[in-house]
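Heads up: the structure comes next, in structure tokens.
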Amino acid sequence: MISPLKEAMFYRRLPSGDVRCGLCAHRCLIAADKTGFCRVRQNIGGVLYSLNYGFVSSEAIDPVEKKPLHHFLPGTTTYSLGTFGCNFKCLHCQNHRLSQPGDNIYAAMEKGSGLNRFGEIVTPEEVVNRALLLDSKSISFTYNEPTVWYEFVYDTAVLAKERGLYVILVTNGYMTPEALDFLAPYIDVYRVDLKSFSNDFYENVALARLDPVTASAAQAKKAGLFVETVTLLIPGKNDGTAESEALASFISHNLGNETPVHLTAFRPHFKMNDSPPAAAALLESRRSLFTAAGLLYVYVGNVESDFQNTWCPNCGCLLISRRYHFGENDGLERRGNDFVCVDCGEKIPIFYPFNDGGF
């Protein structure tokens with residue numbers, strides 16, 4: 001059994017006894033015995049500690065398409081796990097019991113007692129062994145923001161790479177440049193939420209800022225990570241025509257036209273129960289703005305739509321059909337390490353390096 005208490009990475013001790021956290025863009029100044037914005041990093045005697053190292057609140061074997069990822073290891077499963085805490089406070093969070101839990105959970109973690117009520121403590125070795133035993137091709141850090149248990153993510157990712165597993169980060173993109181730079185060699189996918197292209201939305205809905213998110217997405221792309229983006233469309237909040245066009249332009253110019261983009265439908269939840277749900281017609285209308293900007297792979301999610309599938313951007317052939325989060329090869333042919341459309345030969349950016357007769 002290990003302790004969830006571990007000295008944090010990326011912080012500075014100050015003469016006052018305060019510490020300055022450098023892990024996410026909040027860069028919290030944390031007084032003695034206090035925690036940062038995320039509530040899981042605490043200043044104890046002038047040393048910043050992570051309170052949740054190895055503390056797993058949720059785990060599952062998921063189809064990778066559920067992350068959602070449509071162009072990375074399609075048709076495979078990913079060993080998914082998360083902890084508690086977040087560096088956002090989204091009013092509509094679907095996992096708010098994990099990201100914004102009550103004080104009782106933090107008290108249990110800080111005291112090292114009562115943990116079995118809320119989860120279990122595991123080692124990086126146990127996580128990697130579970131993924132291999134369950135025949136997953138990858139490990140996904142998801143369910144809550146992986147940045148807030150960075151130390152455990154880093155240790156696990158290093159070991160996973162040694163054992164031949166791919167590593168996926170499902171993130172809000174608020175990691176600092178120095179933290180992302182240090183982690184990047186050991187992860188493969190940066191599946192980033194672009195919640196809006198409005199700083200006002202970020203400030204009022206997530207208690208965060210837009211610029212660090214767009215900067216980290218561009219940094220991840222430059223570092224050679226596989227990037228897919230997700231935007232949850234909330235009627236009247238972030239679905240305006242001008243905002244959608246601006247977001248599409250950012251993705252096209254900074255991440256590339258082949259970047260898979262997911263537009264997903266909002267459902268009333270948490271502190272936004274009074275907001276209307278997003279209809280398929282809205283998502284498909286906004287999708288047309290993204291394709292008009294030159295983006296080739298724009299998907300619609302959380303509603304019934306043919307745009308959950310992958311179509312050839314050159315000839316329109318159905319390439320991958322998806323149902324219940326599972327992808328099935330309908331029109332792709334493998335040529336060496338590349339996948340091409342069977343009808344026209346267009347090269348499709350699909351990452352699946354295995355010669356195992358699978359996808």
Next on the checklist: Taking Pro177's backbone N and O only, do any of them form a donor-acceptor pair with Gln219's side chain (distance below 3.5 Å, no angle check)?
Outcome noted: yes

Item to check | Any side-chain donor near an acceptor of the partner, Glu203 and Asn199, under 3.5 Å | outcome: yes

Checklist entry - Which atoms form the tightest heavy-atom contact between His26 and Ala208, and what is the distance? => result CE1-CA, 4.4 Å

Checklist entry - Would the number of heavy atoms belonging to other residues, nucleotides or ligands and lying under 6.0 Å from NZ of Lys137 be above 12? => result yes

Item to check | SB check Glu333 Arg335 (cutoff 4.0 Å) | outcome: yes

Item to check | Side-chain heavy atoms of Leu210 within contact of Leu194, under 4.5 Å | outcome: no

Next on the checklist: Show the nearest heavy-atom pair for residues Thr77 and Ser136, with the distance to one decimal.
Outcome noted: OG1-OG, 3.3 Å

Checklist entry - Are His71 and Tyr297 near enough that their ring centres are under 6.0 Å apart? => result yes

Checklist entry - In terms of hydrophobic clusters joined by side-chain contacts under 4.5 Å, are Tyr186 and Leu169 together? => result yes

Item to check | Side-chain ion pair, Arg41 and Glu151, N-O less than 4.0 Å | outcome: yes

Checklist entry - Applying the side chain to side chain contact (heavy atoms under 4.5 Å, CB included) test to Arg287, which of Val261, Leu282, Val298 qualifies? => result Val298

Item to check | Expected output: side-chain Tyr150 to main-chain Ala179 donor-acceptor under 3.5 Å | outcome: yes

Checklist entry - Are side-chain N/O atoms of Lys67 and Ser80 paired as donor and acceptor at under 3.5 Å? => result yes

Item to check | Donor-acceptor pair, side chain of Thr156 and main chain of Val153, under 3.5 angstrom | outcome: no

Contacts under 3.5 angstrom, residues 346-355 side chains, donor-acceptor by atom type, not counting sequence neighbours:
residue: Tyr352; atom: OH; partner: Asp356; partner atom: OD1; Å: 3.0
residue: Tyr352; atom: OH; partner: Asp356; partner atom: OD2; Å: 3.1

Item to check | Whether Thr35 side chain and Gln42 backbone form a donor-acceptor pair below 3.5 Å | outcome: no

Checklist entry - Strictly by modelled atom types, are Tyr299 and Thr310 linked by a side-chain donor-acceptor pair under 3.5 Å? => result yes

Item to check | Val158 with Leu23, same ILVMFWY side-chain cluster at under 4.5 Å | outcome: yes

Checklist entry - So Phe226 and Phe72, would you call those rings parallel, tilted or perpendicular, with 30° and 60° as cut-offs? => result tilted

Checklist entry - Under the side-chain hydrogen bond (donor to acceptor under 3.5 Å, both in side chains) criterion, do Asp155 and Tyr53 qualify, and how do the steps go? => result CA-CA 10 Å; Asp155 288 347; Tyr53 186 90; 2.5 Å; yes

Checklist entry - Would you say the side-chain atoms of Tyr190 and Ser216 include a donor-acceptor pair closer than 3.5 Å? => result yes

Checklist entry - Relative to the ring of Phe55, is the ring of Phe84 parallel (under 30°), tilted (30 to 60°) or perpendicular (over 60°)? => result tilted

Checklist entry - Just checking, Arg130 and Tyr79: is the charged tip under 6.0 Å from the six-membered ring centre and within 45° of the axis? => result no

Checklist entry - So, Trp149 side chain and Gly85 main chain: donor-acceptor pair closer than 3.5 Å or not? => result no

Checklist entry - Does NZ belonging to Lys89 count more than 12 external heavy atoms closer than 6.0 Å? => result yes

Checklist entry - Side chains of Asn238 and Ser198: closer than 4.5 Å at any heavy-atom pair? => result no

Checklist outcome for this item: dist Leu73:CG -> Ile168:CD1 (nearest 0.5 Å) comes out at 6.5 Å

Checklist entry - Taking the side chain from His96 and the backbone from Phe270, do they hold a donor-acceptor pair closer than 3.5 Å? => result no

Checklist entry - Do Asn144 and Asn95 pass the side-chain hydrogen bond (donor to acceptor under 3.5 Å, both in side chains) test, and can you show the C-alpha distance, the side-chain angles, and the key distance before you say yes or no? => result CA-CA 7 Å; Asn144 76 307; Asn95 286 333; over 6 Å; no

Checklist entry - With no hydrogens and no angle check, is any side-chain donor or acceptor of Arg27 less than 3.5 Å from a backbone partner on Thr176? => result no

Item to check | Of all pairs that satisfy side chain to side chain donor-acceptor pair (under 3.5 Å), the ones with a partner from residues 247-261, not counting sequence neighbours | outcome: Ser249-His253, Ser252-Asn257

Checklist entry - Is there side-chain contact between Glu59 and Val56, with at least one heavy-atom pair below 4.5 Å? => result yes

Next on the checklist: Checking side-chain polar atoms at under 3.5 Å, does His70 have a donor or acceptor matched by the opposite partner on Glu65?
Outcome noted: no

Item to check | same_hphob_cluster(Leu14, Phe10) at 4.5 Å side-chain heavy-atom cutoff | outcome: no

Checklist entry - Any salt bridge between Lys34 and Asp18, counting N to O under 4.0 Å? => result no

Next on the checklist: Side chains of Glu145 and Thr171: any donor to acceptor distance under 3.5 Å?
Outcome noted: yes

Checklist entry - Ignoring hydrogens and geometry, is there a side-chain-to-backbone donor-acceptor pair from Glu245 to Gly240 under 3.5 Å? => result no

Checklist entry - Would you call Lys195 and Asp193 a salt bridge, taking side-chain N to carboxylate O under 4.0 Å as the test? => result yes

Next on the checklist: Show, in sequence, the C-alpha distance, side-chain angles and deciding distance for Arg209 and Tyr174, and conclude whether the side chain to side chain contact (heavy atoms under 4.5 Å, CB included) test is met.
Outcome noted: CA-CA 9 Å; Arg209 294 177 292 118; Tyr174 221 53; 3.5 Å; yes

Next on the checklist: Main chain of Val167, side chain of Ser138: is a donor-acceptor contact present, judged purely on distance under 3.5 Å?
Outcome noted: no

Next on the checklist: With no hydrogens and no angle check, just 3.5 Å: does a side-chain donor-acceptor pair link Asp330 and Ser321?
Outcome noted: yes

Checklist entry - Less than 6.0 Å separating the ring centroids of Phe182 and Tyr154? => result yes

Checklist entry - Linking I/L/V/M/F/W/Y whenever their side-chain heavy atoms sit closer than 4.5 Å, directly or via other members, would Leu69 and Val227 fall into one cluster? => result no

Item to check | More than 12 heavy atoms from other groups under 6.0 Å of CG on Asn273 | outcome: yes

Next on the checklist: With side chain to side chain contact (heavy atoms under 4.5 Å, CB included) as the criterion, how do Asn329 and Leu319 come out once you've worked through the C-alpha distance, each side chain's angles and the decisive distance to 0.1 Å?
Outcome noted: CA-CA 6 Å; Asn329 185 346; Leu319 302 177; over 6 Å; no

Next on the checklist: Parallel, tilted or perpendicular: which one describes the rings of Phe250 and Phe197, with boundaries at 30° and 60°?
Outcome noted: tilted

Item to check | hydrophobic_cluster_shared for Val19 and Leu5, side chain cutoff 4.5 Å | outcome: yes

Item to check | Check: Gln308 main-chain N/O paired with Arg322 side-chain donor or acceptor under 3.5 Å | outcome: yes

